[in-house]
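Data block below; observations after.
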2 protein chains.
Amino acid sequence: MRKRKGAGRPTIADVANKAGVSTITVSRALRDPSKVSDHLRRKINNAVRKLNYVPHSHASALASTRSNIVGVIVPSLTNNVFADTLRAIYDDFDHGAFQVQLGNSRYVADEEERLVRSFLGQGPSAMIVAGTDQTDATRELLENAGCPVVQIMDIGDDPIDMMVGFSHFDGGRAAGHHLVQKGYQRIGFLGARMDPRSHRRLEGFKEAMQSGGRYDPDLIMTTTVSSSVSLGSELIGQLRARRPDLDAVFCNNDDMALGALFGCQKAGLSIPEDMGIIGFNDLEMMAAACPSLTSIRTDRYAIGKRAVEMIRAVLDGDIPDDKIIDVGFELQQRESTDRVG
Amino acid sequence: MRKRKGAGRPTIADVANKAGVSTITVSRALRDPSKVSDHLRRKINNAVRKLNYVPHSHASALASTRSNIVGVIVPSLTNNVFADTLRAIYDDFDHGAFQVQLGNSRYVADEEERLVRSFLGQGPSAMIVAGTDQTDATRELLENAGCPVVQIMDIGDDPIDMMVGFSHFDGGRAAGHHLVQKGYQRIGFLGARMDPRSHRRLEGFKEAMQSGGRYDPDLIMTTTVSSSVSLGSELIGQLRARRPDLDAVFCNNDDMALGALFGCQKAGLSIPEDMGIIGFNDLEMMAAACPSLTSIRTDRYAIGKRAVEMIRAVLDGDIPDDKIIDVGFELQQRESTDRVG
DNA sequence: TAACATTATGTTAGCGCTAACATCGACAAC
DNA sequence: GTTGTCGATGTTAGCGCTAACATAATGTTA
């Protein structure tokens, strides 16, 4: 008699045996307790505890053609912005019946497509992807995924399924408006790794400049290099070299803004008098900086939390009131733009 | 005839059919091509391509009692230190035959144990855990995991299996030595979230103070609150209030150091004359700060990379030369401690 | 050339779970 | 009482893959 050894740990059959029921009843008791009488449920739970039984997720996934995996694809693991959102997702999913499967697309759409393909191959319970700029193929894959899909960080009017985020265009415009209102005249833009969301911030910024009568493309400096504090410091130097009359900058994120601050300090400028600086995201350090730095506050943690809530609702059979959730943003004015007249 | 629908995508049987071979030959051709003749291998690869076949990982895991999952458990998703290491791990594993399964232990040992249990339940190909301070139960679980296990970030003399990291004690001592050498007299320590690695840094620092004849426990200020730039700023204020004669600080990480810098700037101190500041990890921003900040440079990316290399070696049947890899660290001296005696 | 390795491929029986259908008893309706 | 309905439980047959053994084809040695 041929025999394979298995993993060596207790199976659902062991539990069924001990509880004196059939395996399917154990399966039901664990997945949907309401389908089993109190009497048997108690016996089964006891057996589970005694045997220290843990369901074999692979066997379950194979039999049901549906895994307990939630696929999450973000473009960066080091960007604090995504870290906060991820933390929210893990805080919520990590404890329950779901396994988070994380992918890093490195801001490359084809990588994202490859990851989506690979994750869908596992029959995930849900998918979370960053942004709204998927390739056509990725979109189609996700539309036919047969599971809830949430696009996070950004919003738009054509969700694959659901969306949680905020308008980067509006955020960029608010930043631009603020600098105009503060009376700055030659307002620049510093942008690293111009991903689609940064582009929309820039578009919003441009609109603010135009409506404020200050639009000057020569004051916009962008690069595909990934953002860093050092880069912010460097770029502000380059922009000032090109346009010594520059008197304010909107940086596409907070690292760049902090770098711009350092760059100006090295050049002996005083902030906010000689140069106004505003960042984006409002990372924790912005309030602590000296001078403190103005930024557009975004609630990344809430984005993750709301995304999970939506997914849970759909999996529980509820239909969410709204397929698109705008968590908004808020201008945090601080010393770096607080000049008098 | 009862029929179940399956996932709807091609199976190994479809490939076998198209290629005119048995399923096991396809299985072998995909897992270990050397076991199949060139002739059949080519036919099989063609069939795979034509059918767009993707192996069902759950079925494979079930049949082989071994999944292609690599479990990674870190204590924080937002700490840049781990982000760099994770990036290395994902850069390497994400493309190949392995799936990274990430867990966040939140610096709680029992959480880590729970995650280890849950990951081992999936029969992982390898496990990566942060630090050397697992609970006894966790240690035992990992020792009997039947797969390579790498402890990262720290090193010690009693690895569960393998280790990649550096000595935090030595790092802390080097930081202390540096401040002594620079002639600072009343040298403080600022420590947030005193996890085991921070404790070892502090111990190293203490030894340096003792050997330098400057040990003063009153100058050590720690908290369990998690580290942040704001906290660094706040704590340096508190420490200076307690000990106005303080003239240098070693911060247990770079966020704290940056916060300390800002705190001192707000208080009107000049760095490095009135206060020397040194951080730990040498995040990218340290070099860009104004003044630039001295730090202990650690190569987090290398830690991830080496961990993956070790795992790959073991899975390929090689025995690594060394079970413990010390990637070391390097003092990066910058303006924040560069005062003239 | 017989005896024996060695290599390439196939057959069969699971891995642990759940979908789909079957059964059984309790209870209601007429 | 017969019929129907409904909820609780059981039986059976896979889900897609691979371990373990079996066999056929080839080379190797004395």
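Reckoned from all heavy atoms, side chains included, excluding hydrogens, waters and symmetry mates. Just so it is clear: chains get the letters A, B, ... in the order the sequence lines come, proteins before strands, and each one is counted from 1.
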Using the rule given for side-chain contact (heavy atoms from CB on, under 4.5 Å), can you reason through A:Asn80 versus B:Asn80, listing the C-alpha separation, both sets of side-chain angles and the distance that settles it, and then say yes or no?
CA-CA 8 Å; A:Asn80 285 302; B:Asn80 286 302; 3.8 Å; yes
Quick one: sort the B:His58 and A:His58 rings into parallel, tilted or perpendicular, breaks at 30° and 60°. tilted
Under 4.0 Å from OP1 or OP2 of [N]: is there any side-chain N or O of [X] that close?
X: A:Ser60; N: C:dC17; result: no
X: B:Thr25; N: C:dG10; result: yes
X: B:Ser27; N: D:dT18; result: yes

**Request:** Test A:Arg312 against A:Asp92 for salt bridge (charged side-chain N to carboxylate O under 4.0 Å, His left out), laying out the working first.
**Result:** CA-CA 10 Å; A:Arg312 284 198 184 282; A:Asp92 201 325; 3.2 Å; yes
Could you tell me whether [X] and [Y] have a side-chain N and a carboxylate O separated by less than 4.0 Å?
X: A:Asp136; Y: A:Arg139; value: no
X: A:Arg41; Y: A:Asp38; value: yes
X: B:Glu111; Y: B:Arg114; value: yes

Starting the side chain at C-beta, find the nucleotide from [options] nearest to [X].
X: A:Ile12; options: D:dT18, D:dG10, C:dC17; result: C:dC17
X: A:Ala63; options: D:dA19, D:dG14, D:dC17; result: D:dG14
X: A:Thr23; options: C:dG16, C:dT18, D:dT18; result: C:dT18
X: A:Thr11; options: C:dG16, C:dA19, D:dT18; result: C:dG16

What is the distance from [atom1] of [X] to [atom2] of [N], rounded to the nearest Å?
X: B:Ile24; N: C:dT12; atom1: CD1; atom2: C1'; value: 11 Å
X: A:Leu62; N: D:dC15; atom1: CG; atom2: P; value: 9 Å
X: B:His56; N: D:dC15; atom1: NE2; atom2: C1'; value: 9 Å

Note: for B:Arg28 and B:His58 on DNA chain D, the residue whose nearest nucleotide lies more 5' is B:His58
Residues in residues 30-55 of chain A with a heavy atom under 4.0 Å of DNA chain C, by number, are A:Arg31, A:Tyr53, A:Pro55
The test is side chain to side chain donor-acceptor pair (under 3.5 Å); show your working for B:Thr135 and B:Thr138 and say whether it passes. CA-CA 5 Å; B:Thr135 65; B:Thr138 304; 2.6 Å; yes
